[in-house]
Structures are given as C-alpha cells and as structure tokens.
Visitor: 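Please see the structure below; I have some questions.
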Amino acid sequence: MSSDRARFDRYGCSVDISGDHIIVGAFLEDEDENGLNTMNGSGYAYVYKNNAGIWSQIQKIVAADRAPIDNFGN
C-alpha cells in the first residue's frame, strides 16, 4: 500500500511486476512526491521492492511536466 493513499486516487488501476520490483499506478493522486502542491488528477506511480519477502515502497514517481488531469500512472 502506498505511503499516502487516499480513497479516490485509483491506486492499483495499473500494475507492472518485474522480478523483485512492482510499479503501481494511482492516476487520480493529486499531491506531489512530498505530499504538497495539489493538482487535481495529475497522477503518480509507486515503486516497491521485495527484500527477503518484505515489500517496501522505495519511490513515488511524478511526471516532470506534471499538470492537472494528466492521469499519469494510468
């Protein structure tokens, strides 16, 4: 689960798995990687890594050209 998941973020709408890494999209997430600068529906992707059977979030990816209703991570 993401560190800042909210009810309508659409977390998990897209998922990709490769070895010990998972990327999970949340295309309606509004806040930037620091939990600030809200932009309605800009979207994000969360990266998780498996270390000895424990999945941990290692990064929150945001688009460099982030804008409202981008739906990044869809």
Side-chain angles (χ1 to χ4, degrees):
M1 183 177 315
S2 75
S3 59
D4 61 351
R5 188 174 75 149
R7 183 174 181 191
F8 296 108
D9 287 348
R10 304 301 284 175
Y11 175 87
C13 195
S14 58
V15 176
D16 190 26
I17 301 170
S18 179
D20 286 337
H21 290 84
I22 296 176
I23 299 176
V24 180
F27 72 91
L28 293 181
E29 166 69 281
D30 300 327
E31 299 164 344
D32 68 9
E33 66 275 15
N34 299 310
L36 307 169
N37 302 316
T38 299
M39 286 189 192
N40 187 32
S42 55
Y44 301 88
Y46 298 87
V47 181
Y48 299 86
K49 183 173 183 356
N50 183 348
N51 186 9
I54 298 172
W55 289 96
S56 300
Q57 180 181 322
I58 59 172
Q59 188 174 10
K60 179 178 180 180
I61 301 172
V62 300
D65 61 349
R66 183 173 168 257
I69 316 300
D70 273 352
N71 300 135
F72 180 81
N74 189 8

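Only this structure's heavy atoms are used, side chains among them; waters, hydrogens and symmetry mates stay out.
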Visitor: Looking at E29, is its backbone amide N or carbonyl O close enough to the side chain of Y11 to form a donor-acceptor pair, meaning the two atoms are under 3.5 Å apart?
Guide: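 The answer is no, because no donor-acceptor pair under 3.5 Å joins these two groups.
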Visitor: How about CZ on R10, more than 12 heavy atoms from neighbouring residues, nucleotides or ligands closer than 6.0 Å, or not?
Guide: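 Not more than 12 within 6.0 Å, no.
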Visitor: Output all residues satisfying side chain to side chain contact (heavy atoms under 4.5 Å, CB included) with D16, sequence neighbours left out; order by chain, then residue number.
Guide: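 Checked D16 against side chain to side chain contact (heavy atoms under 4.5 Å, CB included); zero matches.
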Visitor: Which value, rounded to the nearest 0.5 Å, describes the distance between D30 atom CG and N40 atom CG?
Guide: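 Interatomic distance, D30 CG to N40 CG, rounded to 0.5 Å: 5.0 Å.
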Visitor: With sequence neighbours left out, write down each residue that passes side chain to side chain donor-acceptor pair (under 3.5 Å) with N37, or none if nothing qualifies.
Guide: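 N37 satisfies side chain to side chain donor-acceptor pair (under 3.5 Å) with D32 once adjacent residues are dropped.
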Visitor: Can you give each donor-acceptor pair under 3.5 Å made by side-chain atoms of residues 67-74, sequence neighbours left out, with the distance rounded to 0.1 Å?
Guide:
residue, atom, partner, partner atom, Å
D70, OD2, A67, N, 2.9
N71, ND2, F27, O, 3.3
N71, ND2, G41, O, 3.4

Visitor: Can you sort out the partners of S14 under side chain to side chain contact (heavy atoms under 4.5 Å, CB included), two or more places apart, ordered by chain and number?
Guide: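 Result, side chain to side chain contact (heavy atoms under 4.5 Å, CB included) vs S14: none returned.
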Visitor: What distance do N51 atom CG and D20 atom CG have between them, rounded to the nearest 0.5 Å?
Guide: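 Those atoms lie 8.0 Å apart.
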Visitor: Provide the closest heavy-atom pair for E31 versus T38 in the form atom of the first, atom of the second, distance.
Guide: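 In this case the closest contact between E31 and T38 is CG-OG1, 3.8 Å.
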Visitor: How does the hydrophobic cluster around I54 look, that is, which other residues are in it when side-chain heavy atoms under 4.5 Å mark a link?
Guide: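 Besides I54, the hydrophobic cluster comprises nothing; the residue is isolated.
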Visitor: Could you work out, with side chain to side chain contact (heavy atoms under 4.5 Å, CB included) as the rule, every residue matching V47, not counting sequence neighbours?
Guide: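 Per chain and number, V47 pairs via side chain to side chain contact (heavy atoms under 4.5 Å, CB included) with H21, I23, I58, Q59, I61.
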